Each structure stands twice: as C-alpha cells, then as structure tokens.
Amino acid sequence: MAEQEKKYEPNKIEPKWQKYWEKEGLNRAKDFDKNPAQSATHNEAGRPKFYCLDMFPYPSGAGLHVGHPKGYTATDIISRYKRMNGFNVFHPIGWDAFGLPAENYAIKTKVHPNESTHKNIAHFKEQIKSLGFSYDWEREIDTSSPEYYKWTQWFFLFLYKNGWAYKAKAAVNWCDSCQTVLANEQAQDGKCERCSSNVLQKDLEQWFFKITDFSEELLAGLDKIDWPEPIKIMQKNWIGKSEGYEIDFNIKNSVTKLADRHSLLQIRVFTTRIDTIFGCTYLVIAPEHEIAKNQELGIKNYEEVKDYVETAKKKSERDRQADVKDKTGVKLEGVTAINPANGKEIPIFVADYVLSSYGTGAIMAVPAQDERDFEFAKKFNLPIVEVPNSMEMAEKGIAKKKINYRLRDWLVSRQRYWGAPIPIVYCEKCGEQAVPEKDLPVLLPTDVDFMPTGESPLVKSKEFHKVKCPKCGGPARRESDTMDTFVCSSWYFFRYLDHKNKNEFADKKLIDYWLPVDLYVGGAEHAVLHLLYARFFAKALKRISLIGFDEPFLKLRNVGLILAEGGVKMSKSKGNVINPDDIVKEYGADTLRIYEMFMGPFDQAIAWDTKGVGGARRFLDRIYKLKERVSAKSSNLELEKAVNKIIKKVGEDIEQMKFNTAISSLMILLNEMEGEEEISGDIFERFLLLLAPFAPHIAEELYEGFKIQDSRFKNGSIFEQEWPKYDTALLKEEKVNIVVQISGKARGVVEVETGASEQEVLDIVKADSKINKWIEGQNIKKVIFIQNKLINLVL
RNA sequence: GCCGAAGUGGUGAAAUUGGCAAACACGCAAGAUUUAGGAUCUUGUGCCUCACGGUUUGUGGGUUCGAGUCCCACCUUCGGCACCA
C-alpha cells in the first residue's frame with residue numbers, strides 16, 4: 001500500500017490527477033490512428049474513432065451553471081468508457097463567444113466585449129477544468145477570434161457564391177426606446193428584453209440564408225439519424241411540409257380594364273383541400289397582396305381597403321396573433337372572382353388572418369370545412385355551403401399539384417457589434433461585391449461606440465470603411481451588419497478537427513476521418529435553431545461535394561435541466577442559484593459528478609437537492625474507507641458473481657446513458673463488499689475500473705495506491721487499462737427463486753434448481769407448508785409455468 | 001386550439017419490457033458510539049391492521065391465469081408551435 005491519506009480529501013487528490021492526465025496527454029485525440037497500440041483490442045487498422053461532442057457553452061459573466069456539468073459529465077463518462085474499450089476518442093471543447101450579453105455589458109460598463117468575454121472564458125475554463133473532464137484542450141476554439149471568424153466569413157461567401165445568401169427587405173423586430181433591432185430571442189412575448197417596451201415591426205434590408213432550398217432534405221434526413229423522437233417531430237413541424245394544389249380564380253370583368261395583358265387578372269390560391277372547392281364562397285387575400293393595391297381594378301372602396309392594409313402593416317406580428325378569435329377584414333367592393341368549379345361569382349376580402357409569407361398569400365375560403373373561414377363567414381354574413389367532395393379540378397388539370405413548406409429563410413443580419421462582420425462591400429459603381437477570400441478575415445474594428453443609436457455600431461467606425469471595391473478599385477463601403485451568432489455555431493464541430501489550419505476551415509482528410517459526430521449531447525432548447533442550422537450547413541457543403549456526408553450528428557441526446565430546490569428555475573433574482581465551485585470546494589468534483597448522474601434519468605428535468613449531494617459524497621467516503629480491507633486473499637464466489645453481473649450492467653447502462661442505474665449498481669456492489677471482512681484485490685480492481693468513468697479522481701487515486709505492490713493492478717493510469725470483461729458462465733445461477741401464484745395472486749417464493757421442470761416445481765410447491773395451505777382441499781384447474789420465473793396455479 | 005412528453009411512497013426514482021411494485025438514494029424513526037453533533041454505524045420505514053391478513057402505480061373501463069407495463073375513454077402537469085389554408 002502506497003503512502004496515502006487515511007481520510008478521503010478530494011481537494012488534495014483532484015487537482016493532482018487533473019495535472020497528471022494533462023501532462024501525460026491521456027485525453028488527446030490521435031488523428032489517423034493507424035499505429036496499432038500495445039493492447040490486444042487495437043487491431044491493424046488502428047482504433048475505431050469516436051467523436052463525442054458537447055454543445056459548446058456561451059461564456060457568460062455569471063460563470064458555470066450546475067446544469068453545464070450535467071451534460072459534460074455524461075460525455076466524459078462515455079469518452080472515458082470508450083477509451084477504455086479501445087476507441088480513439090475525440091472530445092473537444094470551445095467557446096461560443098460572440099453574442100449580445102457581452103455587448104450589453106459594454107454599454108453599461110464601457111468594458112470592451114473582447115475584454116469581458118476573455119475574462120469570462122478564463123473563468124469558465126478554470127471551472128470546467130476543476131471538474132476533471134477529459135477534454136482535448138489542445139483543440140480549444142473561440143468563435144470570437146479572427147482565426148475562427150475568418151472561416152465563419154468564408155462560409156458566408158461559400159453560401160453567397162452558390163446563391164444561398166441573398167439580401168432582401170424584411171420586417172424585423174424593432175425596439176423604439178433602445179433604438180435597435182432585436183433578435184427573436186430578445187423579443188419574446190412581443191416585449192424588449194431590456195426595457196420591456198413593445199416591439200414593433202420594421203422593414204429593413206437584411207441578409208438571408210436560403211435554408212428553404214434544403215427543406216426536403218432537412219425533412220428526409222431526419223429518418224436516418226438517431227435523435228430523440230420529440231426533437232425530430234419539432235423539426236418536422238417547423239419545416240411544415242404540406243402537399244396541396246394551386247388554382248387560379250379569374251377576377252370578373254378585369255379583362256376589359258387590362259386588355260393589353262391579353263388575359264384575365266387572376267388570383268392564385270393554395271389549398272390542401274381542392275376537393276372542397278365547391279364549398280368555396282369567397283376569396284381572402286393577405287394585406288400585402290398586390291391585388292389590394294391595384295388601382296386600375298376599380299375597387300370602389302379603395303380608400304377603406306388602403307386604410308385596412310396600412311393598419312395591418314403597423315400591427316406587430318404579435319398583435320395580429322392576439323386577434324385569432326376576432327377576425328377583421330374588408331370586402332373589395334365592386335370586384336368579384338369566379339369560382340372555377342361552379343362558375344359562381346364570389347366576393348373577395350382582404351384580411352390579416354391570411355399570411356402573405358405562406359403559399360400564394362391568398363386563399364379560397366370554405367366556411368363549411370374550415371374553422372377560421374367559418375368564423376369569418378359568420379361575422380361578415382357570408383354563405384356557408386355544404387361541401388360535395390370532388391377531385392374534378394385536380395383530375396382535369398385545372399388545379400396544379402404544389403408542395404409548400406412553413407420553413408422560412410434564415411435572417412442572419414444583426415445590427416450589432418459583437419459578431420462576425422458580413423464580408424460584403426458596396427461599391428458606388430459595381431454595387432454589392434463579395435470580399436475576396438484572400439482578404440479575409442474582415443476584422444472587427446475597435447474604434448466603435450456601443451451606445452445604441454438604431455444603426456449597427458460598425459457604421460460609425462472610420463477605420464472599418466476605408467475599403468476599395470474589389471472589382472473596380474473605386475470607393476466602396478463595407479456592410480456594417482454582423483452575423484447572427486448561430487452562424488458561428490453552425491460549423492464549429494468542423495473547426496475542432498483542424499483549428500490552426502490557415503488554408504481551409506478544416507482538412508478534408510481530417511473531416512473524412514473524424515466526422516460525422518458519433519454522439520452529440522446538449523439541451524433540447526436548440527431543437528429548431530442550432531440543430532437545424534448545423535444540418536443545413538452540412539447539406540450545403542455536401543451538395544457542392546466538399547464533404548462526404550450530409551447529417552453532421554448521427555446520435556443526439558438531450559440533457560435535462562437542473563432546477564432549483566422546489567422545482568423552479570434557478571435565477572439570480574430568486575437567489576436560488578447553486579454555484580458548482582461551492583460544491584467542488586465542499587464535496588469535491590467526483591461527488592458533484594456522481595450526484596448529477598445519480599439524480600434521475602439523464603434527459604429529465606430534476607430539482608437540485610443538497611441533501612442528495614451528501615449521499616453521493618458518503619458513497620465515495622465509503623469506497624475510500626474500504627481500501628483498508630483489500631487483501632491478498634482470493635475472491636469469494638458470491639462476490640465474483642456479483643462483480644460479473646455488475647460489469648455487464650454498468651457497460652449496458654453507459655451505452656444507453658442510464659447513468660443513474662449504473663451508479664445504483666455500483667452502490668449495490670459496494671454494499672456487498674462492505675459485508676466482507678476482507679476484499680480480494682481482484683474484486684476491488686474491477687470495481688475501481690467500473691467506477692473510473694464516473695468518479696475519475698478517486699478511482700485513479702485508489703488504483704495508484706495498489707498498483708505499486710499488488711501485481712493485479714497494472715502500471716500506468718487506470719484510464720490506460722482495459723474495461724473489465726464479464727464471464728457469461730458466472731452470470732448463470734444454479735438456483736433460482738420462483739414466484740408462486742395462486743389464481744394470479746402472489747403467495748410465496750420457492751427456491752429451485754435452475755431449469756427445473758414444471759412437475760419438479762409443482763412437487764416442491766406442494767411440499768411447501770406455507771403455500772400448501774392455499775391449495776389444500778381445492779382443485780387445480782390449470783397450471784401456468786414459466787421456467788425459472790413463475791408458477792401460477794389456477795384453482 | 002394543434003403537436004409532444006410525463007403522472008409510481010414523505011422526496012428523487014427503479015422495475016430484466018406482461019411475471020413478488022417500490023431496487024438504489026434522500027428524508028424520517030429508534031438504537032449504538034462520542035464531551036457533543038447537522039460526523040459515523042446498526043435496525044426499521046408504501047398505506048390500513050395489535051395481528052391473521054387486506055390493499056396500493058392520476059381516474060374509469062377492457063384484454064389476460066397474471067397489467068405500472070397492452071387497448072379504449074377521461075383528468076392533471078410540463079415542453080414546443082401558434083390563424084401555415
């Protein structure tokens with residue numbers, strides 16, 4: 001036994017082993033692992049790769065939340081387990097470092113976001129390191145560094161050159177009091193997150209990514225990835241595919257007014273229910289529809305219609321949604337359409353319950369079939385006609401098949417400072433020009449004022465706009481908006497592979513070797529944001545054949561929230577935030593890890609319970625104490641069987657991310673070992689190996705204590721050892737307990753030889769005095785026998 | 001409103017997938033030890049009953065020898081979407 005403390009003191013042993021692992025490079029991933037290592041599990045082709053990824057954190061000023069280590073512990077357990085099973089594991093970490101909080105902080109305190117962000121990163125890094133996660137720190141990335149965002153800009157240009165990035169006018173969230181545009185996340189419930197004033201809609205020129213060009217692939221790809229079903233369903237709904245028909249309604253007499261067009265003026269509608277067209281008694285167009293603005297059409301109440309359109313435009317998206325029940329609209333007087341199914345003349349309305357951004361911005365209203373149309377028809381006293389189902393229009397080819405998606409293009413412009421500048425310049429002569437790749441990165445200027453004025457802070461930087469047109473060399477001006485931070489995080493898992501590469505975002509060979517990601521763990525809140533965007537990026541790269549796969553994350557698992565005691569969200573204002581540093585200081589990192597994994601099912605939201613932390617610590621204390629009883633004696637059969645069973649169980653549970661039950665089996669094994677005066681080194685060694693992924697520091701410490709004098713404990717780190725194997729023969733019991741039911745009611749248990757026959761069991765049951773009293777003097781009508789499990793006597 | 005997930009002791013939960021419900025842990029109670037303890041150890045602990053025994057997985061029904069698990073209806077809680085024609 002090496003010289004070791006009698007008492008378990010995690011604060012002494014944890015930093016020691018963290019330094020050791022880093023010094024020995026045990027957490028390093030090996031690119032192209034072709035050299036067979038010493039171990040028999042490593043074959044000629046090298047170890048199989050395993051890319052284990054966490055959603056990288058935003059380094060907020062608040063520091064690490066106890067929720068972070070929950071996900072990180074899970075991936076760490078799996079990474080360590082996979083390494084012990086002969087895998088070449090890639091387990092990186094980095095910083096999603098651009099974003100609004102740093103900028104808001106700068107507005108308040110004048111501290112430059114670069115400064116505060118790097119301070120936060122240093123703090124996060126220290127906190128994360130104190131928990132003993134086996135990250136390959138050599139691969140660390142920071143999305144706010146020019147070396148990184150150079151390639152974020154490269155991706156912008158890549159999309160631009162392929163026609164997947166374009167500029168267009170769009171309505172955005174606008175806060176009048178802060179004089180700034182807000183992201184959707186900042187405009188929740190229609191209120192500004194900072195000043196609580198109402199958010200308005202404003203039309204601005206914005207950059208978009210054409211994610212809609214990939215709608216069908218984004219939908220179809222979901223079928224081939226191992227993701228939680230609810231997340232898949234959310235993405236499916238978000239993409240919102242619907243198959244229907246488009247059909248044109250002629251506007252009556254419009255031909256005379258617009259004779260030069262050689263045709264009738266028409267309104268095209270989209271419907272998923274072409275069969276109900278006979279019940280269509282009016283048309284409705286969105287306020288933005290061009291027909292509503294057509295002055296030559298002879299709309300008699302043109303002023304009234306114009307008023308309605310103006311009012312609708314001023315309403316925020318939220319206000320429009322608030323009026324779901326009370327539908328408004330105006331009839332276009334003097335203008336009617338012809339229902340092509342029955343030739344009937346029907347009125348046309350403009351109403352804001354029809355969206356301009358979906359379908360054709362016009363609908364055929366079938367009040368007998370559609371609830372919304374029904375409400376509108378009731379309010380405006382329109383005829384409600386029962387529907388004779390008919391596919392006539394479709395069959396005749398008058399209605400054309402059409403697929404629509406709810407997915408919209410991704411608005412990526414942000415009028416903010418702390419983000420990656422959009423690499424575009426505007427020339428007076430040549431117009432919009434892409435910054436040549438060789439001129440990347442477009443650096444964020446430092447001479448800016450963060451006070452919000454309604455324009456991007458970059459507008460006023462003098463340095464930033466000293467630029468010439470890349471085409472004609474004439475005077476030009478840079479785009480002053482930055483990119484949504486979700487652009488940075490859509491490709492970061494590529495950059496880990498090759499974060500120092502100056503010529504490419506990542507080397508193709510490295511991409512081919514490591515990607516796609518084998519396991520991705522993070523919160524469900526990114527269901528339709530980051531996870532959809534990252535899939536889009538991969539699909540765009542694949543379509544241009546830059547990579548060989550189109551689904552970046554093969555397996556996704558969600559980490560459940562950790563709530564405050566009492567089940568509410570942790571928040572500064574409520575003063576119920578648990579700081580992981582305090583837990584590490586008081587109980588140790590291993591305790592925090594064990595506790596968070598033992599709390600309950602991994603993907604479930606569970607409230608913090610400080611008493612439970614004490615229980616996790618007691619578990620480790622007892623293990624530490626047990627080392628005194630480890631002896632040279634050979635193992636006893638009962639314990640040997642128990643160890644075999646638990647090796648199987650822990651391995652299976654880790655694979656299925658059932659960490660809570662894995663730990664509970666380790667506790668059961670500990671309880672059994674504690675029942676022995678002496679514990680064989682054979683048993684204890686394997687127990688430590690099983691414990692190691694969960695509580696790496698204490699496992700390494702105890703392993704070290706034995707390996708010096710007990711040959712069963714091999715040299716080197718515990719993490720260089722192989723995961724223990726179990727003996728199938730030992731899993732079988734010679735005797736089993738059989739449940740005895742009388743008429744379906746459990747009345748007792750008998751012990752029989754494994755594999756005993758029905759007759760044998762029946763004889764034993766009849767001889768059992770306790771059970772026999774239930775059968776005495778009665779007829780057994782039927783016997784149900786399940787070998788090694790149960791016998792049911794039906795009387 | 002629509003979509004999704006979940007309802008099991010005082011608490012977090014477990015249940016080999018249809019076979020002794022409540023493993024493991026927290027809490028609680030009693031005891032041991034200690035000058036003392038919120039440290040440690042032992043025992044007990046779903047509910048009713050002195051007991052024999054009865055009874056229990058949101059509610060009501062069903063299938064089955066047997067249901068926490070399968071089927072039908074309903075209730076509640078949480079998450080997402082929200083006029084997408």
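In the text below, chain A, chain B and the rest are named by the order of the sequence lines, each starting its count at 1. Fair warning: this is a prediction, and the values are worked out from it, not measured in the lab.
- The side chain to side chain donor-acceptor pair (under 3.5 Å) contacts involving residues 661-671 of chain A comprise A:Arg622-A:Asn671, A:Asp653-A:Thr661, where partners must be two or more places apart or lie in separate chains.
- Scanning residues 270-286 of chain A for heavy-atom distances under 4.0 Å to RNA chain B yields A:Phe270, A:Thr271, A:Thr272.
- Taking A:Phe785 as the reference, nothing meets the ring pair (Phe, Tyr, Trp, His ring centres under 6.0 Å) condition, with sequence neighbours excluded.
- For A:Glu586, there are no salt bridge (Lys or Arg N to Asp or Glu O under 4.0 Å) partners, not counting sequence neighbours.
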What protein N or O atoms touch nucleotides 2-11 of chain B N or O atoms at under 3.5 angstrom, if any, and at what distances?
| residue | atom | partner | partner atom | Å |
| --- | --- | --- | --- | --- |
| B:rC3 | O2' | A:Asn237 | ND2 | 3.4 |

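- With sequence neighbours excluded, the residues that form a salt bridge (Lys or Arg N to Asp or Glu O under 4.0 Å) with A:Arg273 are A:Asp275.
- When the C1' atom of B:rG12 is taken as reference, atom CD1 of A:Ile562 falls 13 Å away, rounded to whole Å.
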Short heteroatom pairs, N/O only, protein and nucleotides 14-17 of chain B, under 3.5 Å:
| residue | atom | partner | partner atom | Å |
| --- | --- | --- | --- | --- |
| B:rA14 | OP1 | A:Asn660 | ND2 | 3.1 |

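- Among pairs with a residue in residues 737-756 of chain A, those fulfilling side chain to side chain donor-acceptor pair (under 3.5 Å) read A:Gln741-A:Asn792, at least two apart in sequence or across chains.
- Not a single salt bridge (Lys or Arg N to Asp or Glu O under 4.0 Å) links A:Glu678 to another residue, sequence neighbours left out.
- Applying the side chain to side chain donor-acceptor pair (under 3.5 Å) test to residues at least two apart or on different chains, the pairs with a partner in residues 556-570 of chain A are A:Asp226-A:Arg557, A:Glu565-A:Thr610.
- Scanning for side chain to side chain donor-acceptor pair (under 3.5 Å) contacts around A:Tyr533 gives an empty result, with sequence neighbours left out.
- Sorted by residue number, the members of residues 668-679 of chain A with any non-hydrogen atom under 4.0 Å from RNA chain B read A:Ile668, A:Asn671.
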